Amino acid sequence: MSNLYDVVERVAISREEIAAKVAELGAKITGDYRGKELILVCVLKGAVVFFSDLLRHIDLPVTVDTFAASSYGNGSETSGEVVVEKDLSMDIRGKHVLIVEDIIDSGYTMRKTVDMFSSRNPASVKICALLDKPSRRKIDIKGDYIAFTVGNEFLAGYGLDYAQLYRNMPDICVLKESVYR
């Protein structure tokens with residue numbers, strides 16, 4: 001292990017488990033959206049690694065865009081206030097939109113994003129999340145495609161960060177409490 005893993009208590013989901021699940025999700029999405037005009041929206045920055053891998057497993061012509069919103073800033077607890085940092089650059093009217101997110105946690109960011117996109121008259125809006133953490137949900141929202149359901153541990157790696165660090169770990173790891181407290 002490198003110095004990068006010095007902050008890790010344990011590996012929660014290995015890179016091999018992630019790769020298998022991403023391939024499975026890609027195949028499912030391919031089947032569900034065959035014959036439809038699909039826009040994949042990457043929620044920055046956390047979903048970028050997951051998005052890149054998932055995109056390569058979807059065997060359809062798709063359009064991609066990016067969106068950034070946050071309710072966390074640099075902390076480990078949500079403020080509940082969602083700030084849109086980067087909106088979509090294309091019109092989604094009449095198209096099927098699949099939001100690709102790293103984690104559904106409190107639900108604040110996803111709820112605002114889904115509501116915002118839905119107001120633009122797409123054919124559909126669905127959510128694909130790498131992780132679902134229902135124990136921390138404050139807003140009722142569910143993902144349509146979920147790779148893994150996780151408990152209430154502070155996770156980083158495979159795109160997930162703490163204070164903008166550790167996104168480059170290839171596994172999803174539980175951080176040592178001393179790192180984020």
Side-chain angles (χ1 to χ4, degrees), residues 18-19 21-74 78-133 137-149 155-161 163-168 170 172:
I18 295 166
K21 186 56 84 168
V22 170
E24 181 183 312
L25 285 174
K28 174 88 171 109
I29 291 164
T30 297
D32 291 352
Y33 285 95
R34 192 164 309 284
K36 298 177 181 172
E37 192 170 353
L38 178 61
I39 298 174
L40 287 179
V41 176
C42 178
V43 179
L44 300 174
K45 300 174 190 168
V48 74
V49 177
F50 174 49
F51 183 87
S52 302
D53 288 346
L54 180 66
L55 180 62
R56 289 188 293 258
H57 286 283
I58 297 174
D59 188 21
L60 301 170
V62 298
T63 305
V64 300
D65 205 345
T66 57
F67 179 81
S70 177
S71 66
Y72 283 86
N74 281 334
T78 182
S79 66
E81 177 99 13
V82 178
V83 176
V84 174
E85 299 160 350
K86 186 220 171 281
D87 204 346
L88 298 176
S89 60
M90 63 180 61
D91 184 4
I92 61 173
R93 186 175 314 135
K95 298 178 176 76
H96 296 276
V97 176
L98 183 59
I99 302 166
V100 181
E101 174 68 300
D102 58 352
I103 185 167
I104 304 173
D105 193 341
S106 67
Y108 289 118
T109 303
M110 260 306 91
R111 171 50 53 209
K112 178 163 183 154
T113 302
V114 168
D115 290 349
M116 181 186 302
F117 291 1
S118 294
S119 74
R120 298 174 185 178
N121 301 312
S124 68
V125 177
K126 293 192 176 180
I127 301 165
C128 177
L130 173 64
L131 303 176
D132 185 26
K133 194 185 277 192
R137 197 81 78 243
K138 306 271 191 235
I139 302 289
D140 185 33
I141 192 158
K142 291 182 174 42
D144 301 282
Y145 303 91
I146 301 294
F148 302 96
T149 300
L155 302 170
Y158 196 71
L160 286 88
D161 75 300
Q164 301 301 327
L165 299 172
Y166 315 117
R167 293 185 196 278
N168 56 319
I172 297 172

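In this chain, numbering begins with 1 at the start of the sequence shown. In this text the structure is predicted, and so the values were computed from the model without any measurement.
Atom CZ in Phe117 sits 11.0 Å away from atom CG in Leu98 (nearest 0.5 Å). Taken to the nearest 0.5 Å, the CD1 atom of Ile103 stands 14.0 Å off from the OH atom of Tyr158. Separating the CG atom in Leu130 from the CG atom in Leu54 is a distance of 10.0 Å, to the nearest 0.5 Å. Going from atom CG of Leu131 over to atom CD1 of Ile146 covers 8.5 Å, rounded to the nearest 0.5 Å. Put simply, OG1 on Thr149 and CG on Asp132 are 5.0 Å apart, with the number rounded to the nearest 0.5 Å. Separation of atoms CD (Glu37) and NZ (Lys95) is listed at 5.0 Å; rounding is to 0.5 Å.
Between Phe51 and Val43, the closest side-chain pair of non-hydrogen atoms is not below 4.5 Å. Taking 4.5 Å as the limit, every side-chain heavy atom of Thr109 sits out of range of all side-chain heavy atoms of Ile104. Counting only heavy atoms from C-beta outward, the side chains of Ile99 and Lys126 never approach each other to under 4.5 Å. Using a 4.5 Å heavy-atom cutoff, the side chains of Leu55 and Val62 are in contact.
Across all their heavy atoms, Val82 and Ala69 have their closest contact at CG1-CB, 4.1 Å. Closest approach of Arg111 and Asp140 over heavy atoms only: NH2-O, 3.4 Å. Between Val125 and Ser118 the shortest heavy-atom distance is CG2-OG, 3.9 Å. Between Gly46 and Asp102 the shortest heavy-atom distance is CA-OD2, 3.3 Å. Nearest heavy atoms, Phe50 versus Cys128: CZ-SG, 3.8 Å. Nearest heavy-atom pair across Ala147 and Leu25 is CB-CD1, 3.7 Å.
In this structure, Lys45 places its NZ atom where only 12 or fewer heavy-atom neighbours from other residues, nucleotides or ligands lie under 6.0 Å away. For NZ of Lys142, the number of neighbouring non-hydrogen atoms (other residues, nucleotides, ligands) closer than 6.0 Å is 12 at most.
Lys86 contributes a side-chain N or O that, together with a main-chain N or O of Thr66, makes up a donor-acceptor pair within less than 3.5 Å. The backbone N or O of Ile141 lies less than 3.5 Å from a partner atom in the side chain of Arg137, making a donor-acceptor pair. Judged by distance alone, with hydrogens and angles left aside, the side-chain atoms of Ser124 form no donor-acceptor pair with the main-chain N or O of His96 at under 3.5 Å. In this structure, the side chain of Asp144 engages the main chain of Ile127 through a donor-acceptor pair within 3.5 Å.
The pair Asp53-Lys21 does not count as a salt bridge, with every side-chain nitrogen at least 4.0 angstrom from each carboxylate oxygen. Residues Asp87 and Arg120 are paired through a salt bridge, judged by an N-O separation under 4.0 Å between the basic side chain and the carboxylate.
With no hydrogens or angles considered, a side-chain donor-acceptor pair links Ser89 and Asp65 at under 3.5 Å. Tyr145 and Asp32 share a donor-acceptor pair across their side chains, judged by distance under 3.5 Å alone.
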Verdict with reasoning, Arg167 to Val49, per side chain to side chain contact (heavy atoms under 4.5 Å, CB included) | CA-CA 8 Å; Arg167 293 185 196 278; Val49 177; 5.7 Å; no
Would you please test Ile39 and Val64 for side chain to side chain contact (heavy atoms under 4.5 Å, CB included) and show each step?
-> CA-CA 6 Å; Ile39 298 174; Val64 300; over 6 Å; no
